[in-house]
Amino acid sequence: MTSHFVPATPFGRRRLTSWRRWSLWALLGVLVVGLLVTLVYLASRYEASQAQSAVERDVADALSDIRSALTRNVQTLQALQAGQFNREEWQQEANKLLRDNREWVRIEWRSPQLAVLSAADTPYRPPVFARFERDNSLPEVQQACTTARHISSPAYARSHFVPQADGTGLELLELCLPEVSGGRVTGYLVATYSLGELLASRIGPQLGRSQEISFTEADGTRLAMHGLARRGSRVFTAQQLLDLPGSTMVLRMDSWRANPDVFPNVLTALVTVMSIALVTVLFMLGHDTRRRLRVEQDLADALAFRKAMEDSLVTGLRARDLEGRTTYVNPAFCQMVGFSQDELLGLEAPAPYWPPERAEEYRRRQQVRLTGGNRPPREGFESVFMRKDGTRIPVLIIEAPLINAHGLQTGWMSAVLDISEQRRVEELSRASQERLQATARLATVGEMASLLSHELNQPLAAISSYATGSINLLAESPAHSDDLQLALKRIAQQAERAGRVIKSVHDFVRRRDQAREPVAPALLVDAILPLVNLQARKLGVRVESRVPEDLPRVLCDRTMVEQVLLNLARNAMQAMDEARVAQPSLLLQARIAGTSEIGKRWLEFSVADVGPGIPEEVKTQLFTPFFTTKAEGMGLGLSLCRTVVEQHGGYLVFEPNLPQGTIFRFTLPAQPAFPART
């Protein structure tokens with residue numbers, strides 16, 4: 001059983017697919033190359049066979065021409081032999097034949113004993129036997145004539161070589177024709193052929209220009225040759241046997257050709273070009289296929305990415321065509337309305353998630369939207385959908401035109417947000433805000449009550465003191481009417497003061513702008529001095545005020561500032577009393593603090609005592625509401641003083657009064673020297 005390993009991972013599968021693809025391409029390349037090599041080889045073989053056939057055909061034709069020429073020559077010589085000529089006439093006829101046939105170099109009329117009766121040499125060259133005697137070739141003549149006598153017909157002898165005077169030589173062939181009369185040989189006619197001239201004169205000139213033709217022996221020894229020099233490196237050889245009576249030679253033809261071209265003929269070149277074009281087209285198709293596969297892979301990745309993104313979205317997506325049919329919804333939208341994709345896709349109005357009571361409104365809005373009469377706002381609009389179970393959900397819809405790849409609108413794309421949670425949070429926030437406001441109002445009421453109790457404590461204490469003094473005066477007899485009148489006047493002033501305190505505290509709690517008026521600093525100090533002196537006399541404190549007359553007026557809520565000064569003064573006196581200072585003293589001052597960068601002037605008020613000072617652990621919490629070091633204190637005095645000063649735009653600080661005591665300073669805005677233009 002054979003098992004194949006299949007990579008399980010995507011990378012392994014891609015590598016196997018790539019290996020198979022490249023293997024197929026390699027096999028295709030090998031096949032194409034093999035086809036081309038085979039085609040070129042077969043074409044070359046075909047060309048070689050054609051060339052060889054042509055050479056064989058040429059040598060056969062040449063042999064036929066030579067045979068025909070030799071036959072005609074024999075007939076011509078027989079005609080000469082048959083003529084009744086004397087020696088001179090024979091000589092003339094022989095010379096004529098020699099002029100007409102260049103292949104003959106000599107014609108002889110010999111006796112039966114082979115003695116030369118008459119002879120004629122070719123006029124085209126010097127006598128070939130001039131250097132070497134004719135007798136040197138007599139054996140060949142005898143051989144030819146002996147053969148001719150025996151067969152009673154023309155016969156040839158073996159060729160023989162005769163050197164020439166110019167250093168060259170000729171391969172000669174003897175032809176002997178017996179002259180028979182009454183059955184008896186009466187003489188011989190001998191014609192000597194030049195094999196070279198025989199080839200040159202009897203072979204077509206076209207063969208000699210492109211081929212080399214030669215007579216050879218049976219063993220390949222070359223006898224005579226005709227033709228041009230060798231050209232090319234390939235030779236095609238054909239041989240034909242020239243069998244003559246008494247002699248046998250081989251006619252050999254060598255055809256020299258150049259090396260075959262890579263493309264021997266047009267067909268081969270055409271097939272090669274078509275094969276290369278086919279491979280190129282296949283390569284381009286393969287490249288296009290790989291690019292298409294890569295694009296398809298990228299598209300698949302993009303679709304997978306979009307699918308994952310759509311599945312992870314909590315925003316519902318809905319697409320509708322221009323007829324109002326739903327063409328796409330994502331899982332978030334289905335989860336939002338409770339319907340599946342199959343229940344929503346392809347549906348026209350009314351959609352199943354439209355509340356019935358608002359379906360007509362939605363239909364008109366969709367009709368207007370589809371006709372292009374109303375473009376939705378970019379920030380979206382709120383609407384109400386209905387879940388499959390009938391519950392309503394508030395949604396925020398953001399719509400945009402759906403444009404295809406050609407720039408044409410094919411519908412509308414909507415992003416739907418479920419804002420029910422947002423509405424619930426807003427409702428909770430609104431309820432919390434209302435509760436906070438109610439709590440704030442309760443706190444304000446408590447603060448108002450605390451402030452009233454704190455601020456009214458002082459005028460009520462003064463009224464009580466003045467009332468006690470009045471009772472004491474009435475108990476005396478006679479009563480001091482002036483003192484009694486002054487006490488009642490003070491009671492009336494303090495009662496009026498208590499009323500102003502209630503009004504000021506009420507305005508303060510309501511955070512309304514207090515009625516501010518320009519007040520001379522001396523009047524503020526003088527207003528509190530009776531109460532301060534009353535308590536100072538009781539505690540034995542020496543009170544001193546330093547307020548120049550030329551100070552500008554301050555813009556302030558007079559009652560509240562007087563309360564600040566009175567509070568600081570009483571705190572100072574109580575501190576010195578608790579510390580049992582031997583010579584307690586209190587100094588109230590007012591002076592110009594300076595001018596701000598915008599030209600606003602400020603006045604500084606200070607209250608200085610010679611008490612024990614403020615401990616370090618108390619300094620950090622001195623202005624903290626409800627923080628106090630007194631057993632019966634409420635811890636609101638200094639906190640309210642700083643609040644009043646800061647509401648006027650100033651500040652309240654404290655510092656040691658060297659060598660002993662503490663100084664509280666606060667600033668108030670001065671009245672402008674020139675009223676502002678309106």
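These figures come from a predicted structure and were not determined experimentally. Heads up: numbering here begins at 1 and tracks the sequence.
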With [X] via side chain to side chain contact (heavy atoms under 4.5 Å, CB included) - residues at least two apart:
X      : value
Lys388 : Phe339, Glu343
Gln335 : none
Asp577 : Leu539
Ala522 : Asp526, Val547

Any donor and acceptor pair, going by atom type alone, linking the side chain of His648 with main-chain N or O of Val561 inside 3.5 Å? no

Under 3.5 Å, is there a donor-acceptor pair between the side chain of Arg325 and the main chain of Arg320?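 No, the answer is negative, given that no donor and acceptor are paired below the 3.5 Å cut-off.
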
In a table with atom names and distances, give each donor-acceptor pair under 3.5 Å that connects a side chain of residues 400-409 to protein atoms at least two apart or in another chain.
from, atom 1, to, atom 2, distance (Å)
Asn404, OD1, His406, N, 3.1
Asn404, OD1, Gly407, N, 3.1
Asn404, OD1, Leu408, N, 2.8
Gln409, NE2, Gly411, O, 3.2

Could you pull out the closest heavy-atom pair between [X] and [Y], with the gap in Å?
X      : Y      : answer
Met576 : Val541 : CE-CG1, 3.8 Å
Pro356 : Met386 : CD-SD, 3.8 Å
Leu588 : Leu529 : CD1-CD2, 4.1 Å

Applying salt bridge (charged side-chain N to carboxylate O under 4.0 Å, His left out), run through Arg424 and Glu427 and close with a yes or a no. CA-CA 5 Å; Arg424 189 181 68 82; Glu427 184 63 25; over 6 Å; no

Pairwise ring-ring contact (aromatic ring centres under 6.0 Å, His included) hits with a residue in residues 341-370, at least two apart: Phe333-Tyr353, Tyr353-Phe385, Trp354-Tyr362

ring-ring contact (aromatic ring centres under 6.0 Å, His included) contacts in which one or both residues fall within residues 526-571, not counting sequence neighbours: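 Those involving residues 526-571 do not exist here.
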
Of all pairs that satisfy side chain to side chain donor-acceptor pair (under 3.5 Å), the ones with a partner from residues 529-547, not counting sequence neighbours: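 Qualifying pairs, neighbours excluded: Gln535-Arg570, Glu544-Arg546.
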
What pairs of residues pass the side chain to side chain donor-acceptor pair (under 3.5 Å) test when at least one of them lies in residues 583-594, not counting sequence neighbours?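 Pairs touching residues 583-594 that pass the test: Arg591-Glu604.
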
Check step by step if side chain to side chain contact (heavy atoms under 4.5 Å, CB included) holds for Leu652 and Glu646. CA-CA 8 Å; Leu652 173 62; Glu646 289 178 351; over 6 Å; no

Separation of Thr315 OG1 from Leu417 CG (nearest 0.5 Å):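 It is 4.5 Å, given to the nearest 0.5 Å.
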
For the pair Glu399 and Arg318, evaluate salt bridge (charged side-chain N to carboxylate O under 4.0 Å, His left out) and give the outcome as yes or no after the intermediate values. CA-CA 9 Å; Glu399 285 193 325; Arg318 178 193 62 183; 3.3 Å; yes

Going by an N to O cut-off under 4.0 Å, is there a salt bridge joining [X] and [Y]?
X      : Y      : result
Asp301 : Arg306 : no
Glu426 : Arg430 : no
Arg365 : Glu360 : no
Lys619 : Glu655 : no

Side-chain donor/acceptor pairs under 3.5 Å, residues 466-474, sequence neighbours excluded:
from, atom 1, to, atom 2, distance (Å)
Thr468, OG1, Ser464, O, 2.8
Ser470, OG, Tyr466, O, 2.9
Asn472, ND2, Thr468, O, 3.1

Does a donor on one side chain and an acceptor on the other come within less than 3.5 Å for Asp342 and Ser340?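 The criterion, which ignores hydrogens and geometry beyond distance, is not satisfied for Ser340 and Asp342.
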
Partners meeting side chain to side chain donor-acceptor pair (under 3.5 Å) with Arg363 (sequence neighbours left out):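 Side chain to side chain donor-acceptor pair (under 3.5 Å) list for Arg363, sorted by chain: empty.
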
Taking only residues two or more places apart in sequence, or in another chain, which ones meet Glu549 in a side chain to side chain donor-acceptor pair (under 3.5 Å)? none

